[in-house]
Amino acid sequence: MPNERRKEIARSSLLLQSFPEEYVAALMAASSWHRYDRGETLFLHGETARSVHIVIEGWVKLFRVSPNGGEAVVSVFTKGESFGEAVAFRNKQYPVSAEAVTDCELIQIPTGALLEMMRKDPEVGVSILASTFTHLHSLVSQLEQLKAQTGAQRVAEFLLEICEKESGGCVVTLPYDKVLIAGRLGMKPESLSRAFSKLKAVGVRIARNEAIIDDVDRLRDYSEADPAQSWSRTT
C-alpha cells in the first residue's frame, strides 16, 4: 500500500480525525509501521502498554484466555480503528492479548508523543477521550446485544456493520473464520450456523466466505425488531 494511502487511513481514524494537520504530521513522523501475518501476536496480556495502535489494513482481535484454556474474544478491530488508548496513557499492563486475525498492517503511535501534544493543546485530550468513549460504547452495545437480541439478530447486525451499502442488495466478504465470528458475537460455532440458516428467511445466503444480502433495509428491520417477532419470523 502506498505510504500516502496509509497516512490517509490513519488521519481518518476516530483518534486523529479532529487533530490539526501539523499534529497528525508530527505523530506520523514519530510513529512506527508494522506488518503482521495471520495468527501473529501483537502483544500479550500482562505486557506494559507503550503505544496506541491504529489498524491500516486487515483485522485484529483482542482476547483473554480463561483458566480452563478457553478463549473469550473481547473485541475485533479493522481498517481505521484504534485501540489501546486507556492503558497506554496510564502506562498500565494490557488486560488482554492481541492477535492478527488476517494479514494486517498497523501504525503504533508512542504514548509519549500523544501526551506531549495533550500538554500543549487540551483539545487533543478531548479527541482522545472521544475515542475512548466510543470503545466503551461499543462494549456496552455488545452487552446489550447479548441480553436483548436473538443469535440471528446479532449475526444480522454484524453483517450490517461490515456492509458498505445502506440499501439494496449487497455481497459481504466475511473478514475472518466462523469460529472467531461466533466468539465475537458470544455464540458457539454451531449456534452461528443455525443463525445463518435462520437468516435465509430474510434474504441472506452464505456461500463459503461471502454473505449475499438481498435487501439491506429488510435485514436492518429484522435486526431491530422485537426479539419475539424475529424468532417467530425465522422458525
Side-chain angles (χ1 to χ4, degrees), residues 1-65 72-143 161 175 184:
M1 180 186 297
N3 197 47
E4 192 55 39
R5 176 57 180 155
R6 294 188 183 98
K7 292 179 180 179
E8 288 176 7
I9 294 170
R11 286 190 193 102
S12 66
S13 68
L14 180 64
L15 178 66
L16 300 181
Q17 63 184 5
S18 60
F19 280 29
E21 183 59 34
E22 61 269 26
Y23 288 6
V24 176
L27 288 174
M28 293 297 99
S31 301
S32 56
W33 306 80
H34 300 270
R35 293 195 62 86
Y36 296 91
D37 295 330
R38 178 179 179 178
E40 191 171 352
T41 299
L42 280 67
F43 55 77
L44 292 171
H45 177 202
E47 291 183 0
T48 301
R50 305 188 188 282
S51 60
V52 175
H53 309 259
I54 300 176
V55 183
I56 302 302
E57 194 68 43
W59 291 79
V60 173
K61 70 174 178 180
L62 304 186
F63 67 97
R64 292 193 67 162
V65 178
V73 178
V74 176
S75 195
V76 181
F77 297 92
T78 190
K79 182 168 64 177
E81 296 180 335
S82 61
F83 59 92
E85 294 93 332
V87 290
F89 288 118
R90 299 177 63 200
N91 200 34
K92 295 289 186 179
Q93 295 179 336
Y94 287 115
V96 295
S97 297
E99 180 181 298
V101 176
T102 64
D103 292 348
C104 61
E105 184 174 0
L106 290 87
I107 179 174
Q108 294 181 0
I109 304 174
T111 308
L114 284 165
L115 288 173
E116 182 63 27
M117 286 186 179
M118 289 172 65
R119 295 186 185 100
K120 292 179 179 178
D121 188 345
E123 287 301 314
V124 172
V126 173
S127 297
I128 293 169
L129 281 174
S131 176
T132 303
F133 173 79
T134 298
H135 295 328
L136 177 61
H137 181 72
S138 176
L139 288 174
V140 171
S141 295
Q142 289 178 36
L143 289 174
E161 286 176 2
R184 164 66 176 77

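Keep in mind that the numbers below use all heavy atoms, side chains included, and drop hydrogens, waters and symmetry copies.
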Do [X] and [Y] make a side-chain contact, defined as non-hydrogen atoms from C-beta onward lying under 4.5 Å apart?
X	Y	answer
K7	V24	no
I9	R6	no
P95	V87	yes
L42	F83	yes
H45	V96	no
W59	E81	no

Can you name the side chain to side chain contact (heavy atoms under 4.5 Å, CB included) partners of A88, sequence neighbours left out?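 Testing A88 for side chain to side chain contact (heavy atoms under 4.5 Å, CB included), a comparison that skips the adjacent residues, returns A49, V52, T111.
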Can you name the side chain to side chain contact (heavy atoms under 4.5 Å, CB included) partners of Q108, sequence neighbours left out?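 Only S32, H34, Y36, S51, H53 meet the side chain to side chain contact (heavy atoms under 4.5 Å, CB included) criterion with Q108.
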Pairs involving [range], ordered by first then second residue, that meet salt bridge (Lys or Arg N to Asp or Glu O under 4.0 Å) (sequence neighbours left out):
range	result
residues 9-32	E4-R11, R11-E21
residues 40-51	none
residues 23-32	none
residues 112-129	E116-R119

In Å and rounded to the nearest 0.5 Å, what is the [atom1] to [atom2] distance from [X] to [Y]?
X	Y	atom1	atom2	result
C104	K61	SG	NZ	12.0 Å
L115	N91	CG	CG	9.5 Å
I109	L15	CD1	CG	5.5 Å
L106	I54	CG	CD1	9.0 Å

According to the ring pair (Phe, Tyr, Trp, His ring centres under 6.0 Å) rule, which pairs have a member within [range], sequence neighbours left out?
range	answer
residues 96-121	none
residues 4-27	none
residues 90-110	F43-Y94
residues 102-127	none

Kindly write out the residues that satisfy side-chain hydrogen bond (donor to acceptor under 3.5 Å, both in side chains) with S18, not counting sequence neighbours, or none if the list is empty.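 For S18 the side-chain hydrogen bond (donor to acceptor under 3.5 Å, both in side chains) partners, ignoring immediate neighbours, are S127.
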Assess whether side chain to side chain contact (heavy atoms under 4.5 Å, CB included) is satisfied between E85 and L114, documenting all intermediate values. CA-CA 10 Å; E85 294 93 332; L114 284 165; over 6 Å; no
| said: Closer than 3.5 angstrom, by distance alone: can the side chain of D103 be matched with the main-chain N or O of D37 as a donor-acceptor pair? | reply: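 Checked: no pair found.
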If the test is side chain to side chain contact (heavy atoms under 4.5 Å, CB included), which one of V55, T78, T102 qualifies with V60?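 That would be V55; it is the only one of V55, T78, T102 passing the side chain to side chain contact (heavy atoms under 4.5 Å, CB included) with V60.
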Can you give me the closest heavy-atom contact between S13 and G80, atom names plus distance?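 Smallest interatomic distance, heavy atoms only, reads CB-O, 3.1 Å.
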Shortest non-hydrogen contact from A30 toward P110 =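 Smallest interatomic distance, heavy atoms only, reads O-CG, 3.4 Å.
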